[in-house]
Structures are given as C-alpha cells and as structure tokens.
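Inspection log for the structure reproduced underneath, given as structure tokens.
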Amino acid sequence: MAYIHYDQKSNGVIYASLYESFRDKGKVRTRRMENLGRVIDKENSIFCQKGITYQYVLGEGRREAPLPALPSESVVPETERLILDFGDAWFLQEYLSRQPFYNSMLNALPDESDTLLALVFYRLLTSKGASCHAKIWYEGSYSYLAFPYANLTGQNISRILKELGREEVQRHFFEEYMHSIYGDEGAAGILVDSTGVPNATRMDITQVSNHNGDINREARLIYVIDRDNGMPIYFRYVAGNIIDVSTLVTTVSELGQYGVSVSHAILDAGYFSERNAAKLFESGIPFMTRLAPNKTVFKDAAIGNLDGLMSQKYAHRYGERLVFIKKVPVNVCDHGAYVYLCIDEDMYLMQHKKAILNALDGKKDSDETDAAIKRLGAFAILTSEEISEDKLLPMYYTRQQVEQVFDISKNYADLLPIRVQSEQAFAGHLLVCFMATAIMQQLQQELLKRRSKKAKSLNAESILFYLRNQKCKVYKDYAIPQEPRKEVNAIYDIFKIQVPYKIPLTTVEV
C-alpha cells in the first residue's frame with residue numbers, strides 16, 4: 001500500500017516522499033519509492049520539485065497543479081513572512097512587465113520562469129555574493145510572493161544555469177529578444193567590444209591572455225550594443241587566448257542568423273584588420289574604428305599630414321576638449337576610405353612636457369625628440385564613408401556606451417566573480433547577467449530621457465536603494481504595502497507607476 005510521508009526540517013521546510021508498505025515473510029516493511037520534493041500545499045498534495053510545481057494523487061501519479069498555489073506557511077518560518085522588502089522588487093517587476101523583451105525572458109525557460117526571474121532580481125537587488133545566499137534574500141523579499149514557484153537552493157541554481165547554457169535555449173532566447181527590439185527591421189548601428197572575464201576554473205575556455213599587456217587567465221566576453229539606444233543585443237564568448245581581431249567576422253555572421261541586418265558598425269581598435277575590413281566592405285556595412293599606431297594605414301596617412309595639424313583651420317570643439325582633425329583619403333582593401341588624423345590638445349600638452357623632461361634627463365638627441373613630439377596626443381579614426389569632422393567624435397564616442405554596459409555587467413549584474421565549473425553553467429551565468437544588464441541599461445536610458453530635476457539627480461542604482469526601504473506586511477489573503485517615503489513617491493511619479501493599497505495574494509502573476 002502506498003502512502004505519502006512528510007519530513008519537516010529544522011528550518012521549517014517540509015519535504016515529502018512516496019513510501020510503500022508490504023509484507024515480507026509475515027512482517028510489515030516499508031520502502032521509499034520516490035522523492036516528491038518540497039511541500040507547497042499539504043492538504044491538496046501539491047509539491048515542488050526541481051522548480052516544477054505539480055499535484056500528486058495516490059493511485060494516479062503526478063498531474064498538473066489545479067491552482068497556482070502560493071507557498072504554504074511551512075515553507076518559510078512565520079517571522080520571515082510577516083514583513084518583506086517590497087518597493088525594489090515590486091517596482092522592478094512592474095517595470096519589467098512593461099518592456100518589450102519581458103516575454104523573451106519568461107520564455108527562455110517557460111517551466112522555470114519564476115526561478116529564472118528571481119535569480120535575475122537577486123543579481124540586481126542585492127550586493128550579490130555566492131548563490132547560496134540567494135534563498136535567504138528570496139525569503140525576505142517581495143520576490144517570494146511575486147515568484148512563488150522559485151527554487152533558489154544552491155543545487156537548483158546550478159541546474160538552472162546549466163539549462164540556460166544549452167545552445168538551443170540561448171538561440172531561442174536571442175531570436176525572441178531581438179525580434180522584440182527590432183521586429184522585422186535591422187539595427188541602425190552596432191558597437192562591438194570585448195572584456196576579459198578572469199577566473200581560476202578548469203574550463204577549456206579559460207586561457208592565458210595578453211590583452212594590451214595585461215596578462216590574465218580568463219575567457220573573453222564579446223558584447224554587441226545598439227548604437228542608438230545603448231541596449232545590449234547579443235553576446236558570445238571565446239577562449240581567453242583568442243585575439244579580438246579574429247572574432248568580428250563570426251560575430252557579425254551570427255547576428256545575421258538572428259535576422260539582424262547591421263547598417264553601421266563602430267569597432268574597438270582591436271577589431272581592425274584587413275580581413276575584417278574586407279568582410280565589412282563585402283557585406284556593405286559602413287564602419288568606423290580607431291586605428292592602432294602600428295597599423296600601416298595609420299603610418300601612411302600620417303606622413304606629411306601631422307605637420308601643421310595644430311592649426312585653427314583644423315580645430316574643433318568636443319565638449320571642453322579642443323581637438324584638431326584632418327581628413328586624409330586612403331585605400332583599404334581596394335576600397336576608398338578615410339583616415340581622420342586627430343590631436344587632442346590636452347593630451348598633447350601633458351605628453352609634451354613629459355617628453356621634454358625625459359629627453360633632458362636622458363640626454364637624448366634633439367632631432368629624435370622632435371620627431372617623437374610630432375605624434376604626441378595623436379590618434380586616428382578610420383571610416384569607410386566620409387563624415388563631417390564636427391560629427392566624427394560624437395559618433396565615435398558612442399562607444400562609451402559599451403563601457404557603461406560592461407560596468408553594469410560587472411558591478412550591478414554580478415558578472416564577476418565566476419563561481420561555476422562547467423562551460424555550460426558558465427554560458428548560463430552569462431545569459432542571466434545579460435538579462436540583468438538589459439533591464440538595468442533600459443532603466444538607466446529611460447531615466448536619462450526624463451527632464452525633471454528629480455530624475456536628473458538619480459541613477460538606476462540609487463532608485464533601487466531608495467525603493468528597498470519600502471516594506472510590505474503579509475496577511476492571509478493580502479500583502480499591504482507600507483506608506484512610501486517622499487523619495488520613493490518621487491520615483492513612482494517619474495515612471496508613472498502607482499502602488500496599490502493592497503495586493504491580493506491569489507492574483508499575483510506567476
């Protein structure tokens with residue numbers, strides 16, 4: 001005869017197992033047949049195992065849970081359910097649900113969406129730390145009510161990361177994500193850059209790299225950013241010892257497989273090579289890239305053109321900077337292109353003094369010093385199309401958006417440190433960080449568009465800090481938000497979000 005056995009742990013969580021009693025040589029014995037998982041609703045035999053909530057009926061087996069039941073009183077100790085951190089998680093859920101890419105996140109793992117979103121929220125709303133702390137945070141946050149089927153135990157998080165790291169899961173996510181942003185249209189322009197992800201794991205992709213003289217054991221993470229709105233649209237990763245220049249063609253090719261047709265590309269200097277330039281010309285993609293000083297096209301353009309460059313006729317204002325710019329037509333891969341030779345006045349003056357002092361201390365030849373001085377503060381930008389000098393730097397320095405996205409990924413989305421040991425879990429970890437980064441970047445960009453004085457004094461991080469101070473009290477049928485402070489009310493006003501007086505627990509979206 002089969003029956004369900006319940007086992008309550010010291011932390012108040014109840015687990016269930018299916019047992020069978022039988023006779024053996026005249027004696028009644030028992031044996032465990034199946035682990036049913038965590039108890040959600042004991043009275044209705046509803047359990048949760050590996051993030052999946054179901055009902056178990058003796059004699060029939062598992063079937064779909066009849067109602068979206070909230071965790072029972074036994075799941076979390078009573079003292080942790082009475083008052084929860086409310087404002088940050090509620091605001092984030094409300095804000096995210098309005099974004100076009102929301103469904104792409106839900107559909108990444110449809111049966112595990114609660115756990116996935118709770119994990120993304122953990123990345124955004126806490127000071128991070130190991131995944132073993134996620135469950136503790138979850139039990140004290142409104143996320144516990146917003147995502148009632150989440151399972152943030154360390155073992156389950158590892159399983160979820162591996163699921164997210166599967167190639168078919170990632171492809172499905174990016175197909176939906178990019179379609180939600182662009183529909184059937186292409187990207188107006190992209191920014192491509194990479195960053196190191198140092199780690200001490202034994203994965204094959206962790207290799208010794210030498211990136212601009214900085215030696216690390218790392219993987220390389222490549223991000224593609226929309227030039228116009230600063231949103232991350234794609235990522236891929238390669239082994240740490242693969243140089244950037246060899247990854248561009250593959251990155252652009254993969255974007256094409258997702259239906260993203262690129263109309264313009266702005267690249268970091270590390271991505272320029274004749275092969276890459278030829279591929280971009282062949283694909284009809286206009287591009288802009290900074291040139292490293294050792295590139296032949298830079299050296300050829302500089303001959304005879306740096307002399308007299310610091311003249312008023314070449315002067316342009318860029319914010320508080322004074323930059324001298326001269327356009328030089330060049331030939332790249334049998335295509336006409338342009339090198340814009342530039343000298344930054346501030347950089348020139350700083351380097352000039354240092355060069356003269358070093359020459360005096362080292363008693364260097366004056367002709368050698370004068371030749372070196374001509375290149376001080378100089379840099380070059382290569383473009384496949386002619387651009388007016390006054391638009392050159394504003395367009396190129398949209399690349400700063402890449403740095404902002406990497407900053408969000410590393411500091412707010414928990415990209416580092418790496419605590420996974422398999423490449424599949426690593427890929428899943430990167431996808432969670434990508435989702436968190438997309439949310440944070442969208443929030444930051446929307447905040448910048450607001451014209452109110454209050455909006456200009458805030459950033460995405462400070463918003464979530466203020467909101468965390470608003471709590472809610474949890475009763476049997478309702479969660480009742482506590483009165484928001486002045487700063488919190490101002491944030492709700494900025495985003496035109498209204499907090500209800502009470503939230504029925506039975507209607508929380510899951």
Side-chain angles (χ1 to χ4, degrees), residues 167 170-171 173-195 220-239 242-292 295-298 300-301 327-340 380-388 391-402 405 434:
E167 180 67 16
Q170 300 221 347
R171 289 190 187 187
F173 167 75
F174 280 115
E175 284 173 2
E176 288 203 10
Y177 177 78
M178 291 187 196
H179 188 267
S180 72
I181 295 177
Y182 298 117
D184 297 327
E185 299 178 358
I190 61 169
L191 311 170
V192 182
D193 205 350
S194 68
T195 187
R220 295 296 298 177
L221 175 62
I222 303 163
Y223 256 49
V224 181
I225 311 297
D226 187 291
R227 185 193 69 192
D228 291 345
N229 58 29
M231 286 294 292
I233 58 176
Y234 189 57
F235 80 83
R236 54 188 297 262
Y237 62 90
V238 295
I242 295 179
I243 59 176
D244 289 341
V245 71
S246 64
T247 65
L248 180 63
V249 172
T250 303
T251 300
V252 173
S253 297
E254 289 190 11
L255 283 175
Q257 294 303 306
Y258 291 106
V260 176
S261 56
V262 179
S263 63
H264 196 275
I266 300 178
L267 313 172
D268 180 62
Y271 288 94
F272 175 76
S273 70
E274 288 196 0
R275 174 175 179 265
N276 286 341
K279 180 65 177 179
L280 291 171
F281 278 122
E282 177 188 330
S283 303
I285 301 175
F287 65 91
M288 171 186 289
T289 181
R290 186 161 175 163
L291 292 171
K295 295 297 182 182
T296 301
V297 64
F298 188 152
D300 291 346
K327 178 177 61 181
V328 181
V330 295
N331 185 284
V332 177
C333 304
D334 296 324
H335 288 83
Y338 300 87
V339 169
Y340 290 82
I381 296 174
L382 172 69
T383 69
S384 61
E385 295 182 331
E386 187 173 7
I387 299 172
S388 64
K391 293 182 180 179
L392 179 75
L393 294 181
M395 182 179 294
Y396 177 74
Y397 282 113
T398 57
R399 279 197 64 257
Q400 293 172 341
Q401 295 182 64
V402 183
V405 167
F434 180 91

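Considering only heavy atoms from C-beta on, Leu248 comes within 4.5 Å of Val192 through its side chain. Looking at heavy atoms from C-beta onward, Leu382 lies out of side-chain contact with Tyr338 at the 4.5 angstrom threshold. Side chains of Met288 and Glu385 form no contact here, defined as non-hydrogen atoms less than 4.5 Å apart. At least one side-chain heavy atom of Leu221 sits under 4.5 Å from a side-chain heavy atom of Phe235. Contact check for Met395 versus Ile387: side-chain heavy atoms found under the 4.5 Å cut-off. You'll find the side chain of Phe298 stays beyond 4.5 Å of the side chain of Val330, heavy atoms only.
A distance-only check finds a donor-acceptor pair linking the side chain of Asn331 to the backbone of Asp334 [under 3.5 Å]. No side-chain donor-acceptor contact under 3.5 Å links Asp244 to the backbone of Tyr271.
Of all heavy-atom pairs between Val339 and Ala380, the closest is CG1-CB, 3.9 Å. Scanning all heavy atoms of the two residues, the minimum distance from Ser273 to Val245 falls at CB-CG2, 3.2 Å. Ser384 approaches Pro286 most closely through the heavy-atom pair OG-CA, 3.2 Å. Closest of all the heavy-atom pairs between Met178 and Val260 is SD-CG2, 3.2 Å. Ala277 approaches Val332 most closely through the heavy-atom pair CB-CG1, 4.0 Å. Closest approach of Ala337 and Thr383 over heavy atoms only: CB-O, 3.4 Å.
Partners of Glu175 according to the side-chain contact (heavy atoms from CB on, under 4.5 Å) rule, which considers only residues two or more places apart in sequence or in another chain, are Tyr258. Under the side-chain hydrogen bond (donor to acceptor under 3.5 Å, both in side chains) criterion, Arg275 pairs with no residue, sequence neighbours left out. In terms of the side-chain contact (heavy atoms from CB on, under 4.5 Å) criterion, residue partners of Ile181 (sequence neighbours excluded) are, by chain and number, Tyr177, Ile233. Every residue meeting the side-chain contact (heavy atoms from CB on, under 4.5 Å) condition with Thr296, not counting sequence neighbours, appears here in chain and number order: Asp300. Evaluation of the side-chain contact (heavy atoms from CB on, under 4.5 Å) rule for Thr398 yields Leu191, Arg227, Ile266, Gln401 as partners, not counting sequence neighbours.
Remark: the Asp226 side chain and the Tyr182 side chain contain an N/O donor-acceptor pair separated by less than 3.5 Å.
Here the straight-line distance linking atom CG of Asp268 with atom OG of Ser194 works out to 7.0 Å at 0.5 Å rounding. Between the CG atom of Leu267 and the CG atom of Asp193 there is a distance of 9.0 Å, given to the nearest 0.5 Å. Atom CG in Leu280 sits 10.0 Å away from atom CZ in Phe272 (nearest 0.5 Å).
Aromatic ring pairs are classed by plane angle as parallel below 30°, tilted from 30° to 60° and perpendicular above 60°; the pair Phe434 and Tyr223 is tilted.
Within a 6.0 Å radius of CD in Glu386, other residues, nucleotides and ligands contribute more than 12 heavy atoms. Within a 6.0 Å sphere centred on NZ of Lys279, other residues, nucleotides and ligands contribute 12 heavy atoms or fewer.
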Pairs under 3.5 angstrom only: tabulate donor-acceptor contacts from the side chains of residues 250-257 to other protein residues two or more places apart or in another chain.
from: Thr251; atom 1: OG1; to: Arg236; atom 2: NH1; distance (Å): 3.1
from: Thr251; atom 1: OG1; to: Thr247; atom 2: O; distance (Å): 2.9
from: Ser253; atom 1: OG; to: Val249; atom 2: O; distance (Å): 2.8
from: Glu254; atom 1: OE1; to: Tyr234; atom 2: OH; distance (Å): 2.4

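The distance between the ring centers of Tyr396 and Tyr340 does not fall below 6.0 angstrom.
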